[in-house]
Amino acid sequence: MKRIFSSENRFTLYHLKSVLENEGIACIVKNEHLSSLDFGLPPIECWLEIWILDETQYEQAKNVVETTISVEVP
C-alpha cells in the first residue's frame with residue numbers, strides 16, 4: 001500500500017477515490033475517524049488520506065490525481 005493523496009476536504013477526497021476506482025485502481029481511505037482533538041495531534045496529521053492497494057499502479061494513480069485535481073503529487 002502507498003499513500004497517494006491527503007486532504008482536509010472530504011468531498012474532494014471521495015470524488016478522487018471514485019475516479020481512481022473507475023480507472024481500476026483499488027484504494028482505501030484512512031484517518032476517516034481520527035480527530036486532532038482526541039489525541040492532541042496537529043490538524044494536518046488527521047487529514048483524510050487515500051492509499052492505493054497495489055503499489056505497481058502508483059504512476060497511473062499519480063497521473064489520475066494530477067489530471068483530476070491539477071496538483072503535483074510527490
Would you compute the distance between atom [atom1] of [X] and atom [atom2] of [Y] and round it to the nearest 0.5 angstrom?
{"X": "L53", "Y": "C27", "atom1": "CG", "atom2": "SG", "value": "7.0 Å"}
{"X": "E23", "Y": "T68", "atom1": "CD", "atom2": "OG1", "value": "7.5 Å"}
{"X": "I50", "Y": "R3", "atom1": "CD1", "atom2": "CZ", "value": "11.0 Å"}
{"X": "L16", "Y": "S7", "atom1": "CG", "atom2": "OG", "value": "9.0 Å"}

**OP:** Decide whether V19 and V29 are clustered together by the hydrophobic rule: side chain heavy atoms of Ile, Leu, Val, Met, Phe, Trp, Tyr closer than 4.5 Å, transitively.
**Re:** yes
Original post:
Do you reckon L13 sits in the same ILVMFWY cluster as I28, going by side-chain contacts under 4.5 Å, direct or chained?
Top reply: no
Original post:
Looking only at heavy atoms, what is the nearest atom pair of N31 and E49, with distance?
Top reply: ND2-CD, 3.5 Å
Original post:
Taking all atoms of both residues into account, what is the closest heavy-atom pair of W51 and K30, and its distance?
Top reply: NE1-CD, 3.4 Å
4.5 Å side-chain heavy-atom contact, [X] and [Y]:
{"X": "Y58", "Y": "I4", "result": "yes"}
{"X": "L20", "Y": "F5", "result": "no"}
{"X": "H15", "Y": "I69", "result": "no"}

**OP:** Spell out, as yes or no, whether a donor-acceptor pair under 3.5 Å connects the side chain of Q57 to the backbone of G24.
**Re:** yes
